[in-house]
Asker: 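One structure, pasted below without further comment.
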Amino acid sequence: MKLGTTLYTEQQIAARIAQIGAEIRRDVPVDEPVHVIAVLKGAFVFLADLVRQIPGTVTMDFIAVSSYGAGSKSSGQVRLLKDLDRSIEGRHVIIVEDIVDTGLTLSYLHEILWARAPKSLRTACLLSKPSRRKVAVPVEYTGFSIEDLFVVGYGLDYDEQYRQLPYIGVMDGID
Ligand code: IMP
């Protein structure tokens with residue numbers, strides 16, 4: 001297996017993230033803080049670029065869940081590895097995800113976060129693979145919808161590699 005073609009360049013990603021930042025602020029009143037929750041590890045690059053494109057007050061926190069192990073196959077089980085540091089009660093929360101694949105991770109996060117009484121809860125994902133969805137889960141902001149490909153870069157890994165790539169590329173040779 002090896003790194004194949006580039007799917008989205010740094011410039012294409014930056015342009016789309018600027019649009020998403022503006023869309024988020026259109027949905028959350030400008031005098032109210034946006035509380036961004038990044039899902040580790042994959043969302044760390046997207047988070048860094050997205051928060052700089054949201055006008056007004058932005059606060060952030062991090063949550064970590066297990067998804068894939070070493071490799072490209074999902075276990076189908078989601079576990080909380082690191083919880084939030086602060087309460088989200090009464091806040092406008094945006095979950096920031098690198099990619100929504102089966103939707104299992106996101107539906108788990110919805111369940112545990114809605115129980116904490118946020119004022120609103122929305123999701124921004126950089127990438128989405130709609131054809132792979134196993135559970136229906138709302139995603140308000142999607143960077144790009146893609147085919148059933150295994151992608152790396154811009155925070156996304158294959159066995160912990162490639163997260164640092166500034167673009168999104170396709171891994172060849174994964175079934
Ligand atoms: P889901 O629970 O199946 O929606 O999976 C979500 C998680 O799986 C993402 O946050 C990623 O960490 C990982 N994932 C899914 N597809 C890919 C991919 O194409 N490349 C790298 N990681 C992926």
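Whatever order the structure lists ligands and atoms in, that order sets their numbers, starting from 1. Heads up: numbering here begins at 1 and tracks the sequence. This is a predicted model, so every value here is computed, not measured.
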Asker: Could you check if a side-chain atom of Thr102 sits within less than 4.5 angstrom of a side-chain atom of Lys129, using non-hydrogen atoms only?
Answerer: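 Answer no - side chains too far apart.
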Asker: May I ask whether Leu80 and Trp114 are part of the same hydrophobic cluster, defined by side-chain heavy atoms of I, L, V, M, F, W, Y residues being less than 4.5 angstrom apart, directly or through others?
Answerer: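 Yes; tracing contacts between hydrophobic side chains, which count when under 4.5 Å, links both residues.
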Asker: Check whether the ring centres of Tyr167 and Tyr154 lie less than 6.0 Å apart, and answer yes or no.
Answerer: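 Here the rings of Tyr154 and Tyr167 have centres that are no less than 6.0 Å from each other.
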Asker: What are the atoms of ligand 1, with element, lying closer than 4.0 Å to any heavy atom of Leu156?
Answerer: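 So the answer, numbered in order with elements, is 21 (C), 22 (N).
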Asker: Using a 4.0 Å cutoff against the non-hydrogen atoms of Leu149, which atoms of ligand 1 qualify?
Answerer: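 So the answer, numbered in order with elements, is 19 (O).
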Asker: Could you pull out, from Asp101, Ile146, Val137, the option with a heavy atom nearest to atom 4 (O) of ligand 1?
Answerer: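 Considering heavy atoms of Asp101, Ile146, Val137, the nearest to atom 4 (O) of ligand 1 sits in Asp101.
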Asker: Give the atom numbers and elements of ligand 1 that come within less than 4.0 Å of a heavy atom of Gly103.
Answerer: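 Ligand 1 atoms under the 4.0 Å threshold to Gly103: 1 (P), 3 (O), 4 (O).
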Asker: Does Lys119 reach the side chain of Glu32, with side-chain heavy atoms less than 4.5 Å apart?
Answerer: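 A side-chain contact exists here, since the closest heavy-atom pair is under 4.5 Å.
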Asker: Which of the numbered atoms in ligand 1 are below 4.0 angstrom from a heavy atom of Glu97?
Answerer: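 Near Glu97, the atoms of ligand 1 are 10 (O).
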Asker: Find all atoms of ligand 1 within a distance of less than 4.0 Å from any non-hydrogen atom belonging to Lys129, and give their numbers and elements.
Answerer: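 Contacts of ligand 1 toward Lys129, numbered from 1: 16 (N), 17 (C), 18 (C), 19 (O).
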Asker: Which ligand 1 atoms, with their elements, are less than 4.0 angstrom from a heavy-atom of Thr105?
Answerer: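 Once the distances to Thr105 are compared, the set is 1 (P), 2 (O), 5 (O), 6 (C).
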Asker: Any atoms of ligand 1 less than 4.0 Å from a non-hydrogen atom of Asp98? List them with their elements.
Answerer: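 So the atoms of ligand 1 that pass are 9 (C), 10 (O), 11 (C), 12 (O).
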Asker: Would Arg91 and Ser120 count as having a side-chain donor-acceptor pair, cut-off 3.5 Å?
Answerer: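 No, no side-chain donor-acceptor pair sits under 3.5 Å.
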Asker: Taking only heavy atoms of Asp157, which atoms of ligand 1 are found under 4.0 Å from at least one of them?
Answerer: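 Matching atoms, with element in brackets: 21 (C).
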